Amino acid sequence: MDLDVDFVRSQFPAFQSADLAGQAFFENAGGSYTCVQVIDRLTRFYTHRKVQPYAPYAASQLGGAEMDEARARLAAMMGVEGDEVSFGPSTSANTYVLAQALRRMIADQGGAVVVTNQDHEANSGVWRRLAEDGIEVREWKVDPQTGHLDITALRGLLADGRVRMVCFPHCSNVVAEVNPVAEICAIARAAGAFTCVDGVSYAPHGFPDMNALGADIYLFSAYKTYGPHQGIMVLRRAVGAALPAQCHYFNAGSLYKRFTPAGPDHAQVAACAGMADYIDALYAHHVPGGDAGPLERNQVVHDLMRAHEVRILQPLLDYLAARNDIRLIGPRDASLRAPTVAVALDRAAEPVAAELAQHGIMAGGGDFYAVRPLEAMGVDVEKGVLRLSFVHYTTEAEVARLIVALDAVL
């Protein structure tokens, strides 16, 4: 069974927009188009439910119910309990809150933290700043040629049993290699450490099955998974209980409020249920009459998305790998990576992205908050990289068009 891309694109108003007509979108790693289900829910909330939720009158009760629905349905899709999903203004903000909790825990109990230099700064900088309070920060370093993280090196960092948290990406927003999350989490757990996985660059290609991954914390951004601008945190109960609360003291007993210092954006939280609506719509279209549960529906859609992306990514990787005037970052095998393709050039990348725009290609150039991995791989961050990123609604024809445009500007 192949993904029906025509049906997929029918779920996104952007593809019917006159303002975007003739444009091929290749900066999805910076934020995806929004599906109609999310737009409809957001419009309904702002139109009919824009009151303080959970009060004893109808509009308020309906608004609160929609917020609860979003949490419950996303949790069910990922195989966790409803209160193990919480929301915040962004993944960067959510990670900052978690780092402050770990700062307190380690200050009381001792220990160290492991970070990588493959991460976006959101899942690196805040943990590294724990060193300001004398907390030991250990760096799991990438291979400077490939950007790969070697599991053997992690074992060495964990050998003394002092590490309390291992922070790493599901995949990097420039290297894009899909890391073996389940294996890494198992190794960390055996060494007595929790894991915090930055899923921002992976989740757009399929929402996670948390039980299969085994992560204690999984973070991603709804605006990159076809939704509103919210950060989503999955915190398993054990880590949520172990870390000191960062909320109003009277909310500390509620896991989904425990690491939310401020009130959530009610409308955007409610609109996140539209992401579950979208996954269900794809499942129903591709599996007529199917009666699988939410986790199984999510798994089917995940596999459809990934198979489509891998198939249309490989020609782009082959084209770039064959050129001797650029450096392709990350694996050459599409099955080993996300379709986020960073290319180092012999000149600044941003003007090249501007040239691509003249060919109807929307792409980006710069460091993408991935200064550490780029520096580790010897890339000039002043020049940055050209980043070409897509998701499952991208078509084979758009990739072919991108290759023609690259031929013209490189």
Side-chain angles (χ1 to χ4, degrees), residues 1-50 62-63 65-78 85 87 200 203-207 220-232 264-290 292 294 297-306 308-309 312 339 362 389-395 397-398:
M1 177 172 51
D2 293 330
L3 184 73
D4 183 345
V5 183
D6 290 336
F7 176 79
V8 166
R9 289 166 77 92
S10 74
Q11 306 300 296
F12 290 86
F15 292 114
Q16 287 79 53
S17 167
D19 292 343
L20 296 170
Q23 306 292 304
F25 188 32
F26 282 95
E27 184 43 339
N28 290 272
S32 68
Y33 287 148
T34 308
C35 61
V36 66
Q37 293 87 348
V38 167
I39 295 170
D40 287 349
R41 282 181 176 269
L42 192 61
T43 301
R44 182 173 67 193
F45 197 97
Y46 275 124
T47 304
H48 304 293
R49 320 272 195 254
K50 189 63 176 68
L62 289 169
E66 290 191 5
M67 294 172 65
D68 293 343
E69 179 190 359
R71 181 175 297 104
R73 290 182 65 198
L74 289 175
M77 279 173 45
M78 294 184 285
V85 173
F87 298 88
V200 170
H205 314 291
F207 291 101
F220 63 98
S221 299
Y223 72 97
K224 298 184 182 183
T225 54
Y226 323 110
H229 202 291
Q230 285 287 283
I232 298 177
D265 186 313
H266 303 148
Q268 293 195 58
V269 170
C272 283
M275 299 189 299
D277 291 337
Y278 174 60
I279 298 301
D280 286 350
L282 291 190
Y283 176 82
H285 178 78
H286 290 87
V287 190
R297 295 196 298 272
N298 179 43
Q299 290 168 331
V300 168
V301 172
H302 170 282
D303 292 349
L304 284 169
M305 288 177 171
R306 282 292 292 149
H308 172 74
E309 291 173 350
I312 67 173
M362 295 186 284
S389 55
F390 62 86
V391 292
H392 66 287
Y393 53 55
T394 304
T395 66
E398 286 177 321

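Worth saying up front: this structure is predicted, and the values here are computed from it rather than measured.
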(message) Can a donor-acceptor pair be found, under 3.5 Å and without considering hydrogens, that links the side chain of N298 to the backbone of F207?
(response) yes

(request) With sequence neighbours left out, write down each residue that passes side-chain hydrogen bond (donor to acceptor under 3.5 Å, both in side chains) with R41, or none if nothing qualifies. (result) E69, D277

(message) So does H229 get a backbone contact from the side chain of Q268, meaning a donor-acceptor N/O pair under 3.5 Å?
(response) yes

(message) Can you list everything that forms a side-chain hydrogen bond (donor to acceptor under 3.5 Å, both in side chains) with D68? Sequence neighbours excluded, please.
(response) Y54

(message) Determine whether a donor-acceptor pair (N or O, by modelled atom type, separation under 3.5 Å) exists between the side chain of S221 and the backbone of Y223.
(response) no

(message) Checking side-chain contact (heavy atoms from CB on, under 4.5 Å) between L3 and each of E309, R306, H392, which is the one that passes?
(response) H392

(message) Measuring only between side-chain heavy atoms, which start at C-beta, is L304 closer than 4.5 Å to V300?
(response) yes

(request) State, yes or no, whether a side-chain contact exists between S389 and E27 at a heavy-atom distance under 4.5 Å. (result) yes

(request) Verify the ring-centre separation between F12 and Y278: is it less than 6.0 angstrom? (result) yes

(request) Determine whether F15 and S10 make a side-chain contact, defined as any pair of heavy atoms from C-beta on separated by less than 4.5 Å. (result) no

(message) To the nearest 0.5 Å, what is the distance between NE2 on H302 and CD1 on I279?
(response) 10.0 Å

(request) Sort out for me which residue in K50, R73, R44 forms a salt bridge (charged side-chain N to carboxylate O under 4.0 Å, His left out) with E66. (result) R44

(request) To the nearest 0.5 Å, tell me how far Y393 OH sits from H308 NE2. (result) 11.5 Å

